[in-house]
Q: 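To start, I am sharing the structure in question, which I have written as structure tokens.
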Protein chains: 2
Amino acid sequence: MVVKKQKQTKQSINRQELEARILRSAEIVFAEKGYNGSSMEAIAAVAKISKQNLIYYFSNKELLYKRVLKEMLDIWIEKLSFLEKDGDTPEQVIRRYVHEKMQLSRLYPNGSKVFAHEIISGAPMLKDYLVSHLKPQFERDVKLVKSWISKGLIADIDAEHLFFTIWAATQTYADFSLQMEVLLVKTSLDEDDFERAESAVTEFVMRALGAKKIN
Amino acid sequence: MVVKKQKQTKQSINRQELEARILRSAEIVFAEKGYNGSSMEAIAAVAKISKQNLIYYFSNKELLYKRVLKEMLDIWIEKLSFLEKDGDTPEQVIRRYVHEKMQLSRLYPNGSKVFAHEIISGAPMLKDYLVSHLKPQFERDVKLVKSWISKGLIADIDAEHLFFTIWAATQTYADFSLQMEVLLVKTSLDEDDFERAESAVTEFVMRALGAKKIN
DNA sequence: GTTATTGCTGACCGAAAAGACAAGTTCAAA
DNA sequence: TTTGAACTTGTCTTTTCGGTCAGCAATAAC
């Protein structure tokens with residue numbers, strides 16, 4: 001792809017920084033309030049600019065929302081490519097997959113929540129993207145898992161539902177973190193919690209694959 | 001508890017029916033739009049009554065929302081008591097637990113979604129309920145699982161995170177059903193899908209517990 | 001049948017929010 | 001230093017929404 005070389009003026013730098021700050025702010029508000037519950041005013045307040053200025057950068061709410069969603073999804077698609085490196089065993093591939101997904105829950109909890117709100121709501125703004133981007137990757141990954149099964153490398157499990165379970169089990173640490181905080185009596189999930197979570201989920205998945213040795 | 005005997009007039013019967021219809025309608029709308037995105041007008045439209053009449057039955061939106069949430073949670077708490085019946089093995093208890101949870105996802109997808117929206121949003125109206133009702137049950141259930149571990153009845157797994165994983169893996173079939181429909185190229189998840197899902201999840205959990213035989 | 005209670009509706013209000021618009025300010029290039 | 005573009009803000013309009021209120025209609029109690 002050709003990227004137009006842009007002169008870096010004081011303005012253009014400010015612009016980039018401010019856009020990024022707006023997107024982060026929007027993510028926070030959308031995660032907490034959903035699309036309808038979030039006002040441009042509230043987002044502007046978090047970004048510490050006026051509402052009118054926010055509208056100058058993102059001319060309307062829907063556009064801003066879609067940008068937030070798309071940023072999250074692009075990161076996911078990128079990080080979760082289920083590629084086999086040479087010499088990797090299925091176990092290694094899946095282990096890395098779970099690790100990456102868990103990282104994403106930890107690093108981008110707000111984006112994850114925005115996505116969750118959107119899917120639960122019937123994905124009015126996202127369905128096309130799911131079909132065009134997520135589905136091909138899903139189908140490729142399922143095919144790979146099935147080939148492992150037919151080669152006898154892993155147990156004969158339900159490949160599609162394996163993915164659903166991995167996604168659910170990892171994403172829950174972003175979306176439902178509040179429930180866990182209440183149950184574990186913590187104000188927020190810390191690094192240790194995520195480590196425990198990751199090793200619990202990893203072990204869970206490894207056993208599902210029929211791995212002989214766990215550690 | 002003493003229940004006051006109420007005369008069953010034509011009016012009181014209608015009232016009960018209409019209240020129930022309103023609650024079902026509210027559940028549908030809240031599931032799709034979340035609290036903020038749902039208008040009383042929209043709920044009234046689904047229930048096929050006027051907005052004013054809706055307000056006559058439920059004097060404000062917050063109250064209606066809390067009723068919807070509470071109904072769902074009461075059902076969950078009731079169905080998901082992790083009680084050992086005499087002679088049950090841990091495997092049987094957990095198998096039944098997964099089965100019940102899966103049933104709830106199938107039978108009450110809308111209530112589940114309302115709950116999910118609420119938790120993701122930081123549970124502004126639910127935190128107290130979680131602490132007072134869900135937490136004690138969780139702690140009791142975790143204790144039981146840990147006792148099984150110490151008796152060597154099941155593998156040495158992380159009890160807390162086992163629950164988180166089971167909840168996530170089962171609830172995802174209600175909350176994220178749209179994503180699955182897209183990926184599996186279906187208009188809705190049918191009975192077969194739920195059966196496949198349940199047996200996949202059950203098998204995963206059973207393996208995690210270290211069960212020797214799967215089928 | 002008369003009265004009291006319950007159920008229901010149309011008209012209205014105030015608050016919040018999206019966005020348009022115009023005016024002013026800062027900055028970079030000539 | 002001037003000029004035009006990029007940036008910022010205050011004001012205003014329109015729409016949506018939660019909720020009130022007065023009055024009408026149906027039903028139950030006597």
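Proteins come first, then strands; the chains are lettered A, B, ... in the order of their sequence lines, and each starts at number 1. Hydrogens, waters and symmetry mates are skipped; everything else that's a heavy atom, side chains included, is used. Every value quoted in this text rests on a predicted model; they were computed, and no experiment measured them.
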Q: Of all the nucleotides listed (C/dA17, D/dC17, C/dG7), which has the minimum atom distance to the side chain of B/Arg15?
A: C/dG7

Q: Just how far, in rounded Å, is C1' of D/dT8 from NZ of A/Lys48?
A: 18 Å

Q: So, does B/Tyr57 get its side chain near the phosphate of C/dC8, meaning an N or O under 4.0 Å from OP1 or OP2?
A: yes

Q: Consider only side-chain N and O atoms of A/Glu198 and A/Tyr173, and report whether a donor and an acceptor are under 3.5 Å apart.
A: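 Distance-only check fails for A/Glu198 and A/Tyr173.
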
Q: Rounded off to whole Å, could you give me the CG-to-C1' distance for the B/Leu54 and C/dT9 pair?
A: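 Computing the B/Leu54:CG to C/dT9:C1' distance gives 13 Å.
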
Q: A/Glu17 has an atom CD; how far is it from atom P of D/dA6, in whole Å?
A: 19 Å

Q: How many angstroms lie between CZ in A/Phe164 and CZ in B/Arg196, if you round to the nearest 0.5 Å?
A: 8.0 Å

Q: Does OP1 or OP2 of C/dG19 have a side-chain N or O of A/Asn60 closer than 4.0 Å?
A: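 No.
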
Q: Between D/dT8, D/dG18, D/dG19, which nucleotide gets closest to the side-chain atoms of B/Ser39?
A: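 Of the options given, the side chain of B/Ser39 lies nearest D/dG18.
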
Q: B/Lys61 has a side chain; which of D/dT9, D/dA6, D/dG18 sits nearest to it?
A: D/dG18

Q: Does any part of the side chain of B/Leu126, heavy atoms only, come nearer than 4.5 Å to the side chain of B/Leu73, both counted from C-beta?
A: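 Touching, per the 4.5 Å side-chain cut-off.
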
Q: Please check the phosphate of C/dC8 (OP1 and OP2 only) for any side-chain N or O of B/Tyr56 closer than 4.0 Å.
A: no

Q: Rounded to whole angstrom units, what separation is found between the OH atom of B/Tyr65 and the C1' atom of D/dG19?
A: 20 Å

Q: Return whichever of A/Gln52 or B/Gln52 has its heavy-atom-nearest nucleotide of DNA chain C closer to the 5' end.
A: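 On the 5' side of the pair lies B/Gln52.
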
Q: Is B/Leu18 touching bases, backbone alone, or none of the nucleic acid, heavy atoms closer than 4.0 Å?
A: sugar-phosphate

Q: Round to a whole Å and report the spacing from CZ of B/Arg21 to P of C/dG7.
A: 14 Å

Q: Quick one: on DNA chain D, does A/Ile49 or B/Lys51 contact a more 5' nucleotide (nearest heavy atom)?
A: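 Between the two, 5'-proximity favours A/Ile49.
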
Q: Measure the shortest side-chain to side-chain distance between A/Trp167 and B/Phe176 over non-hydrogen atoms and say whether it is less than 4.5 angstrom.
A: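 Heavy-atom side-chain distance check fails, nothing below 4.5 Å.
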
Q: Atom CE of A/Met40 to atom C1' of D/dG10: distance rounded to whole Å?
A: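 Checked: the CE to C1' distance equals 17 Å.
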
Q: Which nucleotide wins on minimum distance to the side chain of B/Ser50, given the candidates C/dA18, C/dT9, D/dC17?
A: C/dT9

Q: Is there a donor-acceptor contact under 3.5 Å linking the side chains of A/Glu27 and A/Tyr108?
A: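 No.
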
Q: Using whole Å, report how far CD1 of A/Ile55 lies from C1' of D/dT9.
A: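 In whole Å, D/dT9 C1' and A/Ile55 CD1 are 12 Å from each other.
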
Q: Can you check the B/Leu63 CG to D/dG19 P distance for me, whole Å?
A: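 Roughly 10 Å, once rounded to whole Å.
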
